[in-house]
Visitor: 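Before I ask anything, let me first share the structure, which is written out below as C-alpha cells.
Below, all heavy atoms of this structure are taken into account, side chains as well, without hydrogens, waters or symmetry copies.
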Amino acid sequence: MIVFRIISLIFIFIGLIMIFITKILSQKNNNVPSKKNSGHDFCFLIPARYESKVIEGLLVSIKNQTVKVDMKDVYVIVESREDETVNICKKYGATVVLRKHLNLQRKGYALDEAVKFILNKNKHYDAYFIFDADNILDKNYIKNMIPVFNKGYDLASGYRNCKNGNESVIAACSALTFSLVNTVFNDKKNKETKNITFSGTGFYIRGDLIEEWGGYPFHSLTEDYELSSYATLNNLTTYYNIKSVFYDEQPLRFKDTINQRVRWIRGYFDVRKMYTKKIYKSLDKNDPNNGSKMDESVGIIPFIFMVVGLVVWFLSLVFFTSYNLFINDNVWKLHLLELIIFLLIVYVTMVVMTFVILMLEGKKLDLNLKSRMKVMIINPIFMISYVPCAIKALSSKEVKWTRVNHG
C-alpha cells in the first residue's frame with residue numbers, strides 16, 4: 001500500500017514542480033504587434049452542413065451588427081444544393097459555397113474550400129471571421145473587435161458565451177470548459193502578452209495571412225488548437241477580446257459530450273505530435289515570444305502527471321479494499337473509509353474550482369441561478385469523466401469527427 005502512495009505522490013510532485021518551473025521560465029514575453037492593421041473589409045466563413053435549424057439565427061445576428069455588413073461577404077459552406085440551409089442563405093443574401101471534396105469530413109477542409117473559392121475570385125479581405133452555424137453574435141461583436149484589429153493583431157478571439165446553458169446541466173458544464181480556457185487561461189495570457197489558445201470559432205485571421213497560405217491549412221481533428229500551435233511557432237500576435245461576445249450552442253446530452261471530448265483529446269495529442277518538437281527547437285531566450293513557446297512545449301503534461309498520481313492512489317484503495325474484503329480481513333473497512341474520504345476530497349476540491357470559475361465569470365456567462373447551482377454539483381463529475389474520455393481517445397485506432405445535432 002505504501003509503495004502505491006509513494007508512486008502517486010511522486011507523480012503529483014513532478015506535476016507541481018513542472019508547473020512551477022514553467023511559470024518561472026516563461027515569465028518573460030513581449031509578443032505584441034509591430035505595426036497597425038488598416039482597412040475594414042471583412043468576410044465571414046461559416047461551415048454549415050445541414051444546419052437549417054440554426055443558421056438563420058447567426059445570419060440575423062450578422063445582419064443586425066452595429067457595423068454594417070454586406071451579406072455577400074458572408075460565405076456559408078454546404079455539401080448539397082438540396083440542403084434547406086441554401087434557401088435560408090438566399091433569403092438573407094449570403095453567398096453559398098458548395099463543397100466538392102465530400103470525402104474530407106472535417107471543419108478545416110470545409111474552410112479550406114471556402115478560402116480557395118474566394119481567392120480564385122481574386123477577392124481581398126482584410127480579415128476572415130470564422131463562426132459555427134449555431135453561433136449568434138452580440139450586436140456589437142464587430143464594433144468591439146475593430147479596435148483590436150486596428151492595433152495590428154494577426155488573430156483575435158471573442159468571448160464565448162453559451163446560448164443554451166439553461167436548458168441542460170450538461171450544456172452548462174460543457175460551457176464551463178470554455179470558461180476555463182478563456183477566463184482562467186487566455187485572460188492571463190493576454191496580460192502576459194503570450195499567445196492565446198483558440199477554442200472552437202468566434203475569431204478572425206488577418207487576410208494577408210490567409211492569402212499567404214493560399215487556403216486554410218489546418219485540417220486536424222482540432223483545427224482550432226492546430227491554429228494556436230502554428231501561431232505560437234511562427235510568432236503571430238494573438239488577443240482574447242472579452243468585449244466581443246458571441247453565443248455558442250453546447251450539447252444537451254452527455255453521450256454527445258463524450259464523443260466531442262474524445263475527439264478533442266485525440267486531436268490535441270495529434271497536434272502536439274506535429275508541433276511540439278518544432279516549438280521546442282525554436283526556444284530562444286532572446287525570442288520575444290519565448291514564454292509562449294515554453295508554455296506550449298510543456299502543454300498539459302504537468303496536469304497529466306497529477307491526474308495519473310490521483311488515479312494510482314484511487315485504484316490502489318479500490319484494490320486493497322476489495323482484496324481485504326475477499327480474504328475477510330476487517331482492515332477493508334479502514335481502506336473503504338479512506339476511499340470515501342479520498343473521493344470526497346477530490347469532489348469538494350472540484351466544487352471549489354467550479355465555484356471560482358463561476359465567480360470569475362460573474363454575470364457575463366448566460367447561466368441563471370438554478371443552472372449555476374446544478375453546475376456546482378454536476379461539473380466535478382463532468383470533469384472527472386475526462387479520464388475515461390482520454391483513455392478511449394488514446395486507445396482507439398481511429399477517432400472520427402461525429403456530427404452533433406443543433407437546434
Side-chain angles (χ1 to χ4, degrees), residues 4-29 31 177-189 192 194-199 218 220-235 238 260-285 287 289-315 346 349-350 353 357 382-396 399:
F4 288 101
R5 288 180 177 177
I6 292 172
I7 293 172
S8 176
L9 290 172
I10 288 173
F11 273 105
I12 294 171
F13 181 73
I14 290 172
L16 290 171
I17 288 295
M18 289 183 71
I19 291 173
F20 177 75
I21 293 174
T22 303
K23 182 175 178 59
I24 296 298
L25 295 178
S26 67
Q27 279 185 335
K28 186 180 178 182
N29 210 78
N31 192 33
T177 299
F178 301 104
S179 294
L180 183 67
V181 172
N182 286 325
T183 302
V184 177
F185 294 114
N186 280 341
D187 192 45
K188 185 173 181 291
K189 289 177 179 179
E192 297 173 346
K194 291 180 180 178
N195 282 109
I196 69 166
T197 300
F198 291 91
S199 57
F218 311 108
S220 66
L221 285 168
T222 48
E223 77 292 328
D224 48 358
Y225 180 58
E226 187 180 353
L227 172 63
S228 305
S229 298
Y230 178 91
T232 300
L233 176 64
N234 292 280
N235 288 1
T238 64
Q260 193 178 60
R261 289 180 288 163
V262 166
R263 175 175 62 83
W264 291 346
I265 294 168
R266 181 60 172 268
Y268 173 83
F269 283 101
D270 287 348
V271 171
R272 286 194 64 80
K273 285 181 183 178
M274 296 163 58
Y275 281 93
T276 302
K277 285 184 179 179
K278 295 177 183 177
I279 292 174
Y280 183 76
K281 288 180 180 179
S282 71
L283 290 173
D284 181 352
K285 64 179 181 180
D287 186 343
N289 200 34
N290 195 58
S292 295
K293 292 178 179 178
M294 180 66 70
D295 282 344
E296 186 60 33
S297 63
V298 174
I300 63 169
I301 293 174
F303 301 100
I304 293 175
F305 270 102
M306 293 167 71
V307 169
V308 169
L310 291 172
V311 170
V312 168
W313 193 296
F314 168 74
L315 291 178
V346 172
T349 300
M350 301 198 78
M353 288 175 58
I357 295 172
F382 184 85
M383 294 300 292
I384 291 170
S385 68
Y386 267 96
V387 174
C389 286
I391 294 171
K392 183 176 180 180
L394 298 176
S395 62
S396 299
V399 175

Visitor: Do the side chains of K194 and S26 get nearer than 4.5 Å, heavy atoms only?
Guide: yes
Visitor: Are more than 12 heavy atoms, taken from residues, nucleotides or ligands other than Y386, located less than 6.0 Å from that residue's OH atom?
Guide: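 Atom OH in Y386 is crowded, with more than 12 foreign heavy atoms closer than 6.0 Å.
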Visitor: Give the intermediate values and the outcome of side chain to side chain contact (heavy atoms under 4.5 Å, CB included) for residues F4 and W313.
Guide: CA-CA 7 Å; F4 288 101; W313 193 296; over 6 Å; no
Visitor: Considering all heavy atoms of both residues, which atom of S297 and which atom of I301 are nearest to each other, and what is their separation?
Guide: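 Scanning both residues completely, I find the closest heavy atoms to be O-CD1, 4.5 Å.
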Visitor: Mind checking what makes side-chain hydrogen bond (donor to acceptor under 3.5 Å, both in side chains) contact with S385, not counting sequence neighbours?
Guide: R261
Visitor: Tell me the closest heavy-atom pair linking S229 and V271, and the distance in Å.
Guide: OG-CG1, 3.6 Å
Visitor: Between T238 and N195, do the side chains contain a donor N or O and an acceptor N or O under 3.5 Å apart?
Guide: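 Yes, T238 and N195 have a side-chain donor paired with an acceptor closer than 3.5 Å.
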Visitor: With sequence neighbours left out, what residues match N186 under side-chain hydrogen bond (donor to acceptor under 3.5 Å, both in side chains)?
Guide: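 side-chain hydrogen bond (donor to acceptor under 3.5 Å, both in side chains) check on N186 returns N182.
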Visitor: Is there a side-chain contact between T197 and F185, using heavy atoms and a 4.5 Å cut-off?
Guide: no
Visitor: Would you tell me whether E296 and T232 have side-chain atoms, one donor and one acceptor, within less than 3.5 Å of each other?
Guide: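 No - no donor-acceptor pair under 3.5 Å links their side chains.
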Visitor: Less than 3.5 Å apart, any donor N or O on the side chain of S292 or D295 sitting next to an acceptor on the other?
Guide: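 No pair is found: no donor N or O on one side chain lies under 3.5 Å from an acceptor on the other.
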Visitor: If you look at every heavy atom in F218 and E223, which pair is closest and at what distance?
Guide: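 Distance-wise, the nearest heavy atoms are O-CB, 3.4 Å.
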Visitor: Taking the side chain as every heavy atom from C-beta outward, state whether R263 and L221 have any atom pair closer than 4.5 Å.
Guide: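 A side-chain contact under 4.5 Å exists here.
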Visitor: Taking all non-hydrogen atoms of both residues into account, name the closest pair between G309 and I12 and its distance.
Guide: CA-CG1, 4.1 Å
Visitor: Which residue is it: Y225, F178, F269? I am looking for the one with a ring pair (Phe, Tyr, Trp, His ring centres under 6.0 Å) to W264.
Guide: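 Exactly one pass, corresponding to F178.
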Visitor: If you take all heavy atoms of F198 and D224, which pair is closest and at what distance?
Guide: O-CB, 3.6 Å
Visitor: Between the side chains of N235 and D287, does any donor sit under 3.5 Å from an acceptor?
Guide: yes
Visitor: Would you list the pairs meeting salt bridge (Lys or Arg N to Asp or Glu O under 4.0 Å) in which at least one residue belongs to residues 4-23, sequence neighbours left out?
Guide: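 Counting only pairs at least two positions apart or across chains, the salt bridge (Lys or Arg N to Asp or Glu O under 4.0 Å) contacts touching residues 4-23 are R5-E338.
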